[in-house]
Amino acid sequence: MVKYGSHTGLINLEACLDAVDAVANSAMINTALKLHELLRSSPPVGTPIDTAWASTNWIMSVDKPSESPVGTKQSIVRTDPGIAAVLQFDIKQNRTIFVQNNTPYIARLNRGWSKQSPAGFVETAIDGAMLATGQVGGGK
């Protein structure tokens, strides 16, 4: 029970928790989708593109990481099957959204191996996704 001045009322704790969960759930999904979008975008923001294997291998999954790359350099898979799982993310049942790249040379690309994207483009995309979705302060 809460008392404010002469007003006394009950707080529905379950409704409050549901509202917090809904906000957190939405923030998780929106931030993961924005990060995925940025990493798959064209350089210099996104992943350098030669064969497009690295740029299309940013894949999402829920609660456990994907274990291998999608497609091959010769057979590029352009859609991410993990998007559907992320859209079904429920913070009451799930805890983690993974956005990852399993190509063997992604770390080299992020260290500046390609002139198309600067070193640290992954970290820059993470910062950009968090800023774009209001997860870090932008002075507001």
Side-chain angles (χ1 to χ4, degrees):
M1 186 173 311
V2 174
K3 186 167 176 102
Y4 180 75
S6 62
H7 179 77
T8 302
L10 297 175
I11 293 178
N12 182 337
L13 185 56
E14 195 64 35
C16 289
L17 292 174
D18 286 346
V20 169
D21 286 346
V23 169
N25 203 71
S26 179
M28 291 277 293
I29 292 170
N30 291 336
T31 302
L33 290 172
K34 185 63 177 179
L35 175 58
H36 187 259
E37 173 192 335
L38 291 172
L39 290 169
R40 282 184 162 224
S41 68
S42 297
V45 175
T47 306
I49 299 172
D50 181 15
T51 64
W53 191 42
S55 63
T56 59
N57 247 279
W58 287 106
I59 53 177
M60 297 191 290
S61 58
V62 172
D63 286 341
K64 63 179 184 174
S66 180
E67 295 182 12
S68 58
V70 177
T72 65
K73 282 186 181 182
Q74 295 74 31
S75 174
I76 305 298
V77 176
R78 302 219 179 256
T79 58
D80 180 353
I83 291 174
V86 169
L87 292 173
Q88 297 299 313
F89 182 84
D90 180 353
I91 202 160
K92 291 181 180 181
Q93 298 172 3
N94 310 116
R95 286 291 170 232
T96 308
I97 297 175
F98 290 89
V99 180
Q100 68 188 75
N101 192 312
N102 292 323
T103 55
Y105 53 89
I106 194 64
R108 280 186 286 170
L109 290 175
N110 194 46
R111 287 193 300 268
W113 190 45
S114 170
K115 301 295 181 231
Q116 293 179 37
S117 296
F121 71 90
V122 173
E123 291 80 359
T124 300
I126 292 168
D127 291 346
M130 295 194 60
L131 196 61
T133 59
Q135 302 311 304
V136 292
K140 293 182 181 181

Please determine whether the number of non-hydrogen atoms from other residues, nucleotides or ligands lying under 6.0 Å from atom CG of Asp50 exceeds 12. no

Under the criterion side-chain contact (heavy atoms from CB on, under 4.5 Å), I'd like the reasoning laid out for Lys34 against Asn30: C-alpha separation, chi angles, the key distance, then a yes or no. CA-CA 6 Å; Lys34 185 63 177 179; Asn30 291 336; over 6 Å; no

Atom pair [atom1]/[atom2] of [X] and [Y] - distance to nearest 0.5 Å:
X	Y	atom1	atom2	value
Asp63	Asn94	CG	CG	4.5 Å
Thr56	Leu39	OG1	CG	12.5 Å
Gln100	Ile106	CD	CD1	11.5 Å
Thr96	Phe89	OG1	CZ	7.0 Å
Ile126	Phe121	CD1	CZ	10.5 Å
Arg40	Thr47	CZ	OG1	9.0 Å

Donor-acceptor under 3.5 Å ([X] side chain, [Y] main chain):
X	Y	answer
Asn101	Ala54	yes
Ser26	Val23	no
Trp53	Gly71	yes

Taking the hydrophobic residues Ile, Leu, Val, Met, Phe, Trp and Tyr, and joining any pair whose side-chain heavy atoms are under 4.5 Å apart, which ones share a cluster with Leu38? Val45

Using a 4.5 Å cut-off between side-chain heavy atoms of Ile, Leu, Val, Met, Phe, Trp and Tyr, which other residues end up in the same hydrophobic cluster as Ile59? Val70, Val77

Hey, any chance [X] and [Y] share a hydrophobic cluster, counting ILVMFWY side chains that come within less than 4.5 Å of each other, even indirectly?
X	Y	result
Met130	Val99	yes
Leu13	Ile91	no
Leu35	Phe98	no
Leu87	Met28	yes

Write down the atom of [X], the atom of [Y], and the distance for their closest heavy-atom approach.
X	Y	value
Ala32	Met60	O-SD, 3.7 Å
Pro48	Ser114	CB-OG, 3.4 Å
Ser117	Pro43	OG-CB, 3.4 Å

Heavy-atom side-chain contact between [X] and [Y] under 4.5 Å:
X	Y	result
Val122	Leu109	no
Ile29	Asn25	yes
Asn110	Glu123	yes
Glu37	Leu33	no

Test: side-chain hydrogen bond (donor to acceptor under 3.5 Å, both in side chains). Region: residues 65-81. Which pairs qualify, not counting sequence neighbours? His36-Asp80

